Amino acid sequence: MTSISSFSAPNSWIIETQNTSYIVAIASNDFIQQRYWGPKLPRIQDYLLLDLVSNESFSTHRSDDFPAWGGYQFHEPCLKVRFHDGVRACVLRYQTASVEQDTLTITLADDTYALVAEVVYRAYPAVDIVERFVTLRNASPHPIVLEQALSAAWHFPIRDQFTLRTLAGMWAGEFQVQDVPVRLGKTVIERRSGSTGFANTPWFALTSHPTATETHGEVWFGALQFSGNYKLVLEQTADGRTYLAGGINNFDFEWRLEEYETLRLPSFVGGFTTGGYGAASRALHRYTVEHLLPRATAHTPRPIVYNSWYVTTFDVNVENQAAAAEIAAQLGVEYFVIDDGWFGARNSDQAGLGDWVVNAQKFPQGLRPLIERVQAMGMQFGIWVEPEMVNPDSDLYRAHPDWVYHFPQRPRTLRRNQLVLNMARPDVQAYLFDALHRLLSENDIRFVKWDMNRHFSEPGWPDAPAGRDREIWVRHTWAVYDLLQRLRTAHPHVIFESCSGGGGRVDLGVMPYVEQFWMSDNTDAYDDLLIQEGFSMAYPLRTRMAWVTDNLGFNGRRPLPLTYRFHVAMMGALGVGADLSKWPDADRALAREMIALYKEIRPVVQLGELYRLRSPRHNALAAQQFVYQDEAVVFTFLSQSQYGTQHIMLPLQGLEPDALYRVWEPRTAEPERVVSGAALMAQGLHIAMIGDYQSRLIRVRQQGRVEAN
Ligand code: DGJ
């Protein structure tokens, strides 16, 4: 049965997922109106469907799903346009609708100027997600300029109080969970400097007061599938209406739709649950895994990676890399990745970016000898690139100084001694594909870490086709997606990792093109515990790469036990980035054991569902649980001891009540037990911990069924 049906009321459609309903209708003014978004109700008659159109002078009641600016509407519009004759008012009215399987398409058109908007709703019933996107078409013979083109407006029911959750942050301090009470007026979550960035992530969760917990409470949530400048605007008006509109940021944006051209706006997905933040995250994770991540590897466990950056930085050569690889291989690492410094004249961050040829001083015979040695050790080889950037001190820049964003009249602002290549230019796109394609064709490379280390400034494109220079904000992002896709198609065995100085390009837009993200340049395990929790609100942990690094190293904040560092990094895709040559034998032996253990639990932590049992934000003793098929893994962390041993009962989640589970704790003397799922979820595990930065890893596996007494 299809999940979308029209019903009794004319021009009304109900979009149903397993647990939710979303109802849209064509209102009496011919606009699309959202009538309901919440739990699925038992009978169609149960939905209270109000037509909120009002003709009163000062009324603000509106719930347009795709509002255009121009009629009598003053909320954040999705669409603001300029027609060729200077008219700036746009009124989109209903034309037709069609339903095809899980997709509803409602076509709107401006009656005077032949601008058409196809507003699409797509249901993903099994994962409780609704996807929305819009395609704009200029069906007139004159150009139409888009000044604002957001993907969707979402409306929330009237509640006494809402709390908005966002993931704010900074470099080396990404994904900080922030809960703010929603007040009258606007809250803007946005990005203006070219890519997703650190300050926020294009995701929101809204809960009604009293605030939701991990397991209870209504939560509306959503994420924009875009890695460029974005804007999410949440507004509450004094009449109690709350809505959120989001999409490409209109800041410095303009898009010229020529005759018969179309523009497909980024998808914005949303969901609803009564199961609190935990259920909201799991729904988005499932959607991401089932529908966004590259199909071939979506369900494949990510390899254990060694990366040499914090050890050798730019000073890489065959011998020091092979030496590091040797020890990594002995520990059980699967991929060896050479980071920055292997190409061009790259001896520091002052030169070389843009010249994607192997540095002949460091690698006189190219990369092959190193790759062959790494492969002989039983590992695959990976490499770092930063394709979107160029150092002025590079052959590329000397040949093409006009290939960067710039305004000819202004000096070009350098950051980390580099400038941003204008990826909107077809010649830049062609150069980058050729260079990277050659690199991957000439060398057996199986992993690419794709970095991006600065924001855009002076975003000019002097040679742009007339009126198109402000399109760079979108075209750059599209070009990155396109380049990744072409490389993936040409080199299907390569795993791609998105990095931007850490978690600066983590979003659902880039998800179809990469397996994973470098979550943060901050590898201090305690900080990472917090960053990981925030990341997991929106993104599945199989996409989170974290390394075990040296204490007090590049980013180390404090000496932390090696087990604690491993346990934190093991909650996702595991990497190692330490100077293993300096590790005493005991540490290497412990690392070998931890990596072997990780290989056993990897399907559970990477492919399983996440339950955040106790947040490190609120509890000195924090816990997370992963469940996959008949198995679970529980991690507990006591970051700071107070008043002696801390005892808690830790109820687990997501188990089968009638199953019996074997509970054991590898590498400890804790006695093994067999307990029913019901007991583990009601009574819980007894956890006693003492000391600073202590951690435990407990395994739980089904072993038969509960017999009736
Ligand atoms: C920033 C990344 O986040 C680091 O991991 C490393 O790859 C450096 N760039 C290299 O320049």
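As the structure is a prediction and not an experimental result, all values here were calculated from the model. All ligand and atom numbering here is 1-based and tracks the order in the structure.
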Check whether any side-chain heavy atom of I445 lies under 4.5 Å from a side-chain heavy atom of F381, and answer yes or no. yes
among protein heavy atoms, the one nearest atom 3 (O) of ligand 1 is D521 OD1, 2.4 Å
Among all protein heavy atoms in this structure, tell me which lies nearest to atom 6 (C) of ligand 1, with the distance rounded to 0.1 Å. D339 OD1, 3.4 Å
So is there a nitrogen or oxygen of D451 less than 3.5 Å from a nitrogen or oxygen in ligand 1? yes
Among Y513, W478, Y481, exactly one meets side chain to side chain donor-acceptor pair (under 3.5 Å) together with S227. Which residue is that? Y481
With backbone taken as N, CA, C and O and side chain as the heavy atoms from C-beta onward, which portion of N453 lies under 4.0 Å from ligand 1: side chain, backbone, both, or neither? side chain
Tell me, please: is R416 in heavy-atom contact with ligand 1, that is, under 4.0 Å? yes
Quick check: Y310 and ligand 1, any N/O pair under 3.5 Å apart? no
Contact atoms of ligand 1, heavy-atom distance to G501 under 4.0 Å: 1 (C), 3 (O)
Side chain to side chain, L508 and L292, heavy atoms closer than 4.5 Å: yes
Enumerate the atoms of ligand 1 whose separation from the nearest heavy atom of W518 is less than 4.0 angstrom. 3 (O), 5 (O)
Whether the Q321 and S308 side chains hold a donor-acceptor pair (N or O, under 3.5 Å, no angle test) is what I'd like checked. yes
Go through ligand 1 atom by atom and flag the ones less than 4.0 Å from a non-hydrogen atom of C499. 2 (C), 3 (O)
With no hydrogens and no angle check, do the side chains of D550 and W583 hold a donor and an acceptor under 3.5 Å apart? yes
Taking the six-membered ring for Trp, are W518 and Y310 parallel (under 30°), tilted (30 to 60°) or perpendicular (over 60°)? tilted
To the nearest 0.1 Å, how far is atom 11 (O) of ligand 1 from its closest protein heavy atom, and which atom is that? D340 OD2, 2.6 Å
Heavy atoms of other groups near R410 CZ, more than 12 under 6.0 Å: no
What do you reckon, is CZ of R368 surrounded by more than 12 foreign heavy atoms closer than 6.0 Å? no
Are V269 and Y287 packed together at the side-chain level, in the sense that at least one heavy-atom pair is separated by less than 4.5 angstrom? yes
Find all atoms of ligand 1 within a distance of less than 4.0 Å from any non-hydrogen atom belonging to G502, and give their numbers and elements. 3 (O)
Hey, does E386 sit under 4.0 Å from ligand 1 if you only count heavy atoms? no
Can you classify the ring geometry of H476 versus Y405 as parallel (below 30°), tilted (30 to 60°) or perpendicular (above 60°)? tilted
Within the 4.0 Å heavy-atom shell around K449, which atoms of ligand 1 are there? 4 (C), 5 (O), 6 (C), 7 (O)
Less than 3.5 Å between some nitrogen or oxygen of S500 and one of ligand 1, yes or no? no
What I want to know is whether W309 and ligand 1 share at least one N or O pair that is separated by under 3.5 angstrom. no
